[in-house]
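Heavy atoms only: backbone and side chains are in, while hydrogens, waters and symmetry mates are out. Below, read A as the first sequence line, B as the second, and so on, with proteins coming before strands; counting in each chain starts at 1.
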2 protein chains.
Amino acid sequence: MSVPLHYVVKTRLVELIEQLGEGSGLPPERVLAKDFGVSRWTMRQAIRELIADGRLRARQGQGTFVATPKIVQPLALVSYTEALRAQGHVPAREVVKFDEIPADDVLAEQLAIAPGDPVFELERVLFADEQPIGLETTYLSVARFPTLREVLDATGSLYRCLTGQFGVQFGEGEELVETVIASPREAELLKATQQLPMLLLHRQTRDTDGRTIEVVRSLYRGDRVGFRATLRP
Amino acid sequence: MSVPLHYVVKTRLVELIEQLGEGSGLPPERVLAKDFGVSRWTMRQAIRELIADGRLRARQGQGTFVATPKIVQPLALVSYTEALRAQGHVPAREVVKFDEIPADDVLAEQLAIAPGDPVFELERVLFADEQPIGLETTYLSVARFPTLREVLDATGSLYRCLTGQFGVQFGEGEELVETVIASPREAELLKATQQLPMLLLHRQTRDTDGRTIEVVRSLYRGDRVGFRATLRP
DNA sequence: AAGTGGTCTAGACCACTCC
DNA sequence: GAGTGGTCTAGACCACTTG
């Protein structure tokens, strides 16, 4: 019993997955559970792990399928669009929210403005090959970029807009990476199942004068995305 | 019903957590479930999410407790020991395995040796403040570092040993970050509960001649650790 | 309407820790 | 032994997709 039953089931499912090809459908949970001689709950534990690992993919009402490999994104100050294209994927963005909100204390300090000052909150879903893979929320000072709403093609590159229209010079940035569980709203926007581990990136980019340009919170589907960083000595 | 019950419970548990202090004990699951008017399974879903988020911490036979904040590690070619000390934590390592194994095809290609050539497999549990936070498995060519077993203090810094004893000059490295679910063995070594999301880092470091020095697979507890990267334009 | 995955219940037993 | 979290069962109903 030291090895849980659902892990034994997971191991056997991996063999099954490797026999089937990418995109193949698995038998229904209830059938698999009966075949393996376990309860549906135990089977779902195993399937849930394989979904989190990016090996399987479940679609309600349709079935469970063998997943395609994860997409690897660079952990760097580069364009989402270009990075994705470079790997043969089709990038897309969809604006969920583009509001002006008052800065809370934390945000105000990060952006070096006063609490209550207006900031843009731009929330966009990132797609790769028409699949949602991330949810990016960007905060920018309205005072610094007053005409942003007019000059930004909200489905286009924000970085290109900032450099091209506002003459911003990007300097160093800092990014924090951690795992979290998405809220129901976030899971729904990403068309992901509940309880799925996500990669949360918190980014602050500064210009060459050291002033913070933007604060970004990016939530990526842990089952679909990984990141690559280049290490320097 | 669009918001799952376990998420409502999770939200209420967060309020409870914020009232209690770090390290405080929560009532037993069965009691909480009864108090909240839900089944134990639903309560455990909520608790499981909070554990994954790093807000709670469960110890079998003892209870569930409010967790301390995550430790943030640098994503760079720096000493584990020094990085941890710099943040006021007490680092430690424990050797789990130090074997010579034949390289499989993938490893051989990565290390630029022939398949079957011997490689060291050094597996160590990383501790912070006496808590296991990561499991690091390092692969090195035996031919290149034949006396490694004699000259390495296995609980000390491998990097210091390689530079000091073998004159290695570290150049660029590459690191992949993704989320995975730990195997039972890995979970046990990390004293983590099953099903917990982990951060898996796959690193290859090269010397200044571009030769790969080591291949490293690091598995960190997603509930205890985050990473910080510096972005350059 | 039928079949799929998603959520939830009630209850059982196991494994571990502490008294 | 008592109490805790960890695993597992059987079964129900909901939500979604397809025919």
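The salt bridge (Lys or Arg N to Asp or Glu O under 4.0 Å) search around A:R203 returns A:E175, not counting sequence neighbours.
If you take CZ of B:R40 and P of D:dG6, they are 8 Å apart, rounded to a whole angstrom. Protein atom CD of B:Q195 is 7 Å distant from nucleotide atom P of D:dT7, rounded to whole Å. Across the protein-nucleic acid pair, A:R44 atom CZ and D:dT9 atom P stand 14 Å apart, rounded to whole Å.
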request  = Start with the C-alpha gap between A:D53 and A:K10, add the side-chain angles, then the distance that decides, and say whether salt bridge (Lys or Arg N to Asp or Glu O under 4.0 Å) holds.
outcome  = CA-CA 11 Å; A:D53 285 343; A:K10 181 182 178 182; 2.9 Å; yes
task = Quick one: do B:R185 and B:E123 satisfy salt bridge (Lys or Arg N to Asp or Glu O under 4.0 Å)? Show the steps, please.
result = CA-CA 13 Å; B:R185 172 178 179 271; B:E123 195 175 28; 2.8 Å; yes
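For the segment residues 20-39 of chain A, the set of residues with a heavy atom within less than 4.0 Å of an atom of DNA chain C comprises A:P28, A:E29, A:R30, in numerical order. Listed in residue order, the members of residues 59-68 of chain B having a heavy atom less than 4.0 Å from DNA chain C are B:Q60, B:G61, B:Q62.
A cation-pi arrangement is absent between B:R149 and B:F120 under the rule of less than 6.0 angstrom and at most 45 degrees off the ring axis.
Under the 3.5 Å distance criterion, the side-chain polar atoms of A:R224 are matched with a main-chain donor or acceptor of A:T68.
With 3.5 Å as the limit, one finds a donor-acceptor pair spanning the side chains of A:T205 and A:E214. Checked by atom type, the side-chain pair B:R40/B:Q45 shows no donor-acceptor distance below 3.5 Å.
Judged by atom type and distance alone, B:R57 does not reach the base of D:dG5 through any side-chain donor-acceptor pair under 3.5 Å.
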